[in-house]
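Okay, structure first, notes after.
Naming: A, B, ... by sequence-line order, numbering from 1 per chain. None of these values were measured; they are calculated from a predicted model.
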Number of protein chains: 2
Amino acid sequence: MRSAARLLRTQGYEATGMKEIARHSGATLGSIYHFFPGGKQELGAEAIRHSDSEFAAALAATLERHPDPGQAIIACTRLLAAELAESGWVCGCPVSAAALESVGRTPGIEGAAARAFEQWRELVYRKLRHGGLSERNARELAVTVLNTTNGALLACQLARSQTPLLTAGKHLARLVSSYQPKEKP
Amino acid sequence: MRSAARLLRTQGYEATGMKEIARHSGATLGSIYHFFPGGKQELGAEAIRHSDSEFAAALAATLERHPDPGQAIIACTRLLAAELAESGWVCGCPVSAAALESVGRTPGIEGAAARAFEQWRELVYRKLRHGGLSERNARELAVTVLNTTNGALLACQLARSQTPLLTAGKHLARLVSSYQPKEKP
DNA sequence: GTCTATAACGAGATAGAC
DNA sequence: GTCTATCTCGTTATAGAC
């Protein structure tokens with residue numbers, strides 16, 4: 001399943017075959033279908049849930065490392081940019097590729113992806129709340145923080161450059177701080 | 001080719017078959033291969049270039065309609081949100097799905113997608129420059145404006161809601177105006 | 001539970017009559 | 001230039017020996 005998650009992340013859902021997952025993981029095809037009787041869609045959804053939890057843990061850890069929300073967001077974008085570059089620009093968002101293909105086509109995959117984004121948004125939301133933002137501002141900003149980061153991730157992949165993500169961090173920190181109550185007026 | 005562009009937009013590259021394009025367009029398979037001897041990848045790249053030009057024209061028109069860059073960006077997000085909802089949440093970014101699948105796998109598709117984003121970024125950049133931003137700020141913000149919009153598009157598709165895009169417009173306008181020289185200090 | 005073999009089908013691509 | 005028929009290969013999924 002870790003293999004499936006990895007392949008889904010780099011190739012998307014449609015381009016990843018069951019045989020490819022079997023080869024990459026060392027499991028046999030029969031064994032995979034034994035544990036995932038729902039076939040490719042069930043395995044895909046499970047793999048996305050796995051990526052979801054994994055990324056959520058990393059996100060929570062990085063957010064906790066910096067008290068200020070803006071600085072925490074910058075740290076996240078730096079981490080993502082570094083990992084992306086290290087992977088040869090193939091390890092982008094763990095669920096975006098599968099999500100985009102699945103909209104209106106593969107409900108199981110789409111649902112799992114939607115829930116992943118919701119969970120990550122909740123983490124950012126809480127961080128923003130602790131930073132002193134109002135309930136409404138925090139809720140709205142959490143959405144934009146994720147969307148901007150996600151879009152920047154794709155831009156980095158296409159440009160083979162860390163710049164879009166780092167720029168996103170800078171802009172998001174500025175945007176968040178513009179909503180924060182000032183300490184010294 | 002318009003059919004190919006449409007299918008690539010809603011399903012991505014890998015999930016779209018040549019036979020499906022033939023059926024959807026009314027052309028026969030032999031005819032398609034006659035005009036696109038490079039096969040699926042050539043047709044796909046051409047379709048992305050088509051979507052690129054089409055979207056660039058719409059973007060330029062909407063940007064020109066409002067003198068203030070922030071208001072222009074809000075108008076763009078509104079337009080995108082309306083079109084997306086009207087399409088039943090399937091007509092997202094014309095190239096993102098194919099772009100994500102193609103990174104490091106299908107150079108022809110990846111290149112066409114990268115050039116599309118570059119062209120759109122140039123349009124936003126010029127608008128920001130006319131709005132009085134410095135060369136550097138305009139360049140950096142143009143990237144983030146596109147990335148945020150793009151990320152919000154996917155969020156709207158998954159949530160079946162226009163809110164993420166409208167929120168993105170609000171935040172981007174605020175961010176841009178924070179970089180604009182003030183008229184009345 | 002694990003593996004091999006294969007069924008049933010669709011993919012991209014091509015040949016050749018018209 | 002257009003169409004039909006087909007080739008070859010890979011896909012998801014299953015059957016059944018072990």
The side chain of A:Ser31 is closest to which nucleotide in this list: C:dT2, D:dA13, D:dG1? C:dT2
Do the side chain of B:Ser161 and the main chain of B:Thr163 share a donor and acceptor less than 3.5 angstrom apart? yes
For atom CZ of B:Arg115, is the number of surrounding heavy atoms from other residues, nucleotides or ligands below 6.0 Å larger than 12? no
Which distance, rounded to the nearest 0.5 Å, do you find between the OG of A:Ser25 and the CE of A:Met1? 11.5 Å
Between C:dC18 atom C1' and B:His34 atom NE2, what is the distance in whole Å? 15 Å
Say whether A:Trp120 and A:Leu154 are linked into one hydrophobic cluster, either directly or through other cluster members, by side-chain heavy-atom distances under 4.5 angstrom. yes
Contact under 4.0 Å: A:Tyr33 side-chain N or O vs D:dT14 OP1/OP2: no
Take the protein atom CD1 of B:Ile32 and the nucleotide atom P of D:dT4, then report the distance between them rounded to whole Å. 13 Å
Residues of residues 39-47 of chain B with a heavy atom under 4.0 Å from any atom of DNA chain C, listed by number, are B:Gly39, B:Lys40
Residues from residues 7-24 of chain B lying under 4.0 Å of DNA chain C - heavy atoms: B:Thr16, B:Gly17, B:Met18, B:Lys19
What's the spacing between B:Leu141 CG and B:Leu146 CG if we round to 0.5 Å? 11.0 Å
Is there a side-chain contact between A:Ile48 and A:Ser51 in this structure, where contact means two heavy atoms from C-beta onward sitting under 4.5 Å apart? no
Salt bridge (Lys or Arg N to Asp or Glu O under 4.0 Å) involving B:Arg126 - partner list, sequence neighbours excluded: B:Glu122
Is any side-chain heavy atom of B:Pro69 closer than 4.5 Å to one of B:Tyr179? no
